[in-house]
Amino acid sequence: MMRKLAAAALAVALTTGAAWDPEEPPSSASVKVRPGVSKGTGKLIPRAGADRLVAPLGVDPACPAKIEIGMRSDAKKAAYATMNVEIDAPLTASRTMLTSYLPAGYEVGAKLLVAVPPEAKEGTYGLSLRTPAQTLRVPVEVVALDRLDNGGNLALRRPVAASSQHTNANYPPCSVADGDRSSNGWAGGNGWNDATARAWPDTVTIALGGPKQVSRVDLYTLDTERYPASRYGVRDWDVQAQVSGQWQTVAQVRGNTAGNVRSDFAPVTADAVRIVALASNGANDYTRIIEVEVR
């Protein structure tokens, strides 16, 4: 049974996962199956990672809103399970269904991407996860970027420009401002990797939507148990702020081996913040940035 489970899970992952650059660490599988305990109800229970999803208007299409979805089998024996995914137009979802082989009590989870086209209006839209036994509804709140609750992070969902970008690869610059600090989605759309190995400097620039007072920048670089920052992360960089049209270096980091570094500096009024990467740890010397927060 476990062999069937593994094979089925792998097959689903291979048909839904994104391609990745063999020179870079691969992302985790897009579909994950986990063991659990069946409650014996015989039902297939839909699940979601949040009770609502906020999807801002006007963001880069390469960085859609995302939410974890899944289902749990409470059947008494193993079976193939299917959940349909429905969303109100004009919003679109990255999948219309989730299917997996599930032993009794097992759960399957996957990332769902929700795109908001330019013609969408502000308001609440419906996202429905349907199994034969139950429907779970998750409201999708579409809001203008300037009305987004950013939790004090001035960079959240703001436009990002990078010095280089891989073509047809899952390292979009906008992902450094999508609110996801985790390295677990690396090479799957969460984090930027430059396209100029061993060539420096590399830059990512975040426009703040107008003059803002800033005094802190947090940088998250690639850091997992298998791919630690001490081997794959950014080592040296400058933090710059655009003040009255001029770039000023407000902080410097050298010799870093950690996954997250906080840089505090004297407050300045800036309309953009830039990370100037100067070196990385490891032999292949790419810049890998997961998230940048500005406060």
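Bear in mind that the values here come from a model prediction, so they are computed numbers and not experimental data.
Once rounded to the nearest 0.5 Å, the distance linking OG1 of T41 with CD of Q134 reads 9.0 Å. The distance from atom CG of L222 to atom OG of S280, rounded to the nearest 0.5 Å, is 10.0 Å. Here the CG atom belonging to L127 is positioned 12.5 Å from the OG1 atom belonging to T124, to the nearest 0.5 angstrom. Here Y286 contributes atom OH and D202 contributes atom CG; the two are 10.5 Å apart, rounded to the nearest 0.5 Å. Taking CG from D264 and CZ from R295, the interatomic distance works out to 11.0 Å, rounded to the nearest 0.5 Å. Expressed to the nearest 0.5 Å, how far OH of Y220 lies from CG of D180 amounts to 11.0 Å.
Side-chain atoms of N190 come within 3.5 Å of backbone atoms of S182 as a donor-acceptor pair (strictly under, hydrogens ignored). Counting only distance, with no hydrogens or angles, the side chain of D194 and the backbone of T287 share a donor-acceptor pair below 3.5 Å. Not one N or O on the side chain of D223 forms a donor-acceptor pair closer than 3.5 Å with the backbone of A258. The backbone N or O of T224 lies less than 3.5 Å from no partner atom in the side chain of N184, so there is not a single donor-acceptor pair. Distance alone, capped at 3.5 Å, is enough to place a donor-acceptor pair between the S163 side chain and the T203 backbone. Remark: the backbone N or O of M83 is not paired with any side-chain donor or acceptor of T131 at under 3.5 angstrom. Not a single donor-acceptor pair under 3.5 Å links the side chain of D218 to the backbone N or O of N260. A donor-acceptor contact shorter than 3.5 Å links the side chain of W192 to the backbone of S164. Listed for the S94 side chain is a donor-acceptor partner under 3.5 Å among the backbone atoms of L113. When atom types are taken as modelled, the side chain of R137 and the backbone of L129 share no donor-acceptor pair closer than 3.5 angstrom.
Taking every heavy atom of both residues into account, G233 and T221 meet most closely at CA-OG1, 3.2 Å. Residues V160 and A177 come closest through the heavy atom pair CG2-CB, 3.8 Å. Pairing each heavy atom of D88 with each of G126, the nearest pair is OD2-N, 2.7 Å. Between V204 and A162, the shortest heavy-atom contact is CG1-CB, 4.1 Å. Of all non-hydrogen atoms in R95 and L112, the two that sit nearest each other are CG-CD1, 3.4 Å. Minimum heavy-atom separation, T257 to N281: CA-ND2, 4.1 Å.
Using a 4.5 Å cut-off between side-chain heavy atoms of Ile, Leu, Val, Met, Phe, Trp and Tyr, with links allowed through other members, L98 and L136 fall into the same hydrophobic cluster. If you chain together hydrophobic residues whose side chains sit under 4.5 Å apart, V142 and V114 fall into the same group. Cluster annotation: L91 and L57 are assigned to the same hydrophobic cluster (Ile/Leu/Val/Met/Phe/Trp/Tyr, side-chain heavy-atom contacts under 4.5 Å, transitive). Clustering ILVMFWY residues whenever any of their side-chain heavy atoms sit less than 4.5 angstrom apart, transitively, puts V276 in a cluster other than the one holding I290. Grouping the Ile, Leu, Val, Met, Phe, Trp and Tyr side chains by contacts below 4.5 angstrom, directly or via other members, places W200 apart from I275.
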Would Y227 and R288 satisfy side-chain contact (heavy atoms from CB on, under 4.5 Å), going step by step from the backbone distance to the final call? CA-CA 11 Å; Y227 304 108; R288 303 177 181 91; over 6 Å; no
With side-chain contact (heavy atoms from CB on, under 4.5 Å) as the criterion, how do K111 and E68 come out once you've worked through the C-alpha distance, each side chain's angles and the decisive distance to 0.1 Å? CA-CA 5 Å; K111 182 187 298 181; E68 292 294 322; 3.7 Å; yes
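Judged by distance alone, the side chains of Q213 and T269 never bring a donor and an acceptor atom under 3.5 Å apart. Residues T135 and R130 have side chains that bring a donor and an acceptor to within less than 3.5 angstrom of each other.
R157 is listed as a side-chain neighbour of C63, based on a closest heavy-atom distance under 4.5 Å. Counting heavy atoms from C-beta on, the side chains of P201 and L278 come closer than 4.5 Å. Here the side chains of Y125 and I87 are not in contact, with every heavy-atom distance at 4.5 Å or above. Inter-residue side-chain proximity for V33 and S100 is flagged as met; some heavy-atom pair is nearer than 4.5 Å. Side-chain contact between M97 and N84 is present, with heavy atoms from C-beta onward closer than 4.5 Å. Looking at heavy atoms from C-beta onward, L219 lies out of side-chain contact with S263 at the 4.5 angstrom threshold. In this structure, V294 and K212 have side chains that are not in contact, with every pair of non-hydrogen atoms separated by 4.5 Å or more. At a threshold of 4.5 Å between non-hydrogen side-chain atoms, the residues R274 and Q242 do not count as touching.
Within 6.0 Å of atom CZ in R231, 12 or fewer heavy atoms from other residues, nucleotides or ligands are found, so the atom counts as exposed in its surroundings. At most 12 non-hydrogen atoms from other residues, nucleotides or ligands lie less than 6.0 angstrom from CD of E225. Within 6.0 Å of atom CZ in R147, 12 or fewer heavy atoms from other residues, nucleotides or ligands are found, so the atom counts as exposed in its surroundings. Remark: K43 NZ is loosely packed, at most 12 non-hydrogen atoms of other residues, nucleotides or ligands lying under 6.0 Å away.
The aromatic rings of H166 and Y171 sit tilted, their planes meeting at an angle between 30° and 60°.
Each of K77, K76, R72 was evaluated against D74; a single residue qualifies, R72, per the salt bridge (charged side-chain N to carboxylate O under 4.0 Å, His left out) test.
Ion pairing between D146 and R158 holds under the 4.0 Å rule for side-chain N and carboxylate O. Note on E107 versus R34: salt bridge recorded, some NZ/NE/NH1/NH2 to OD/OE distance being below 4.0 Å.
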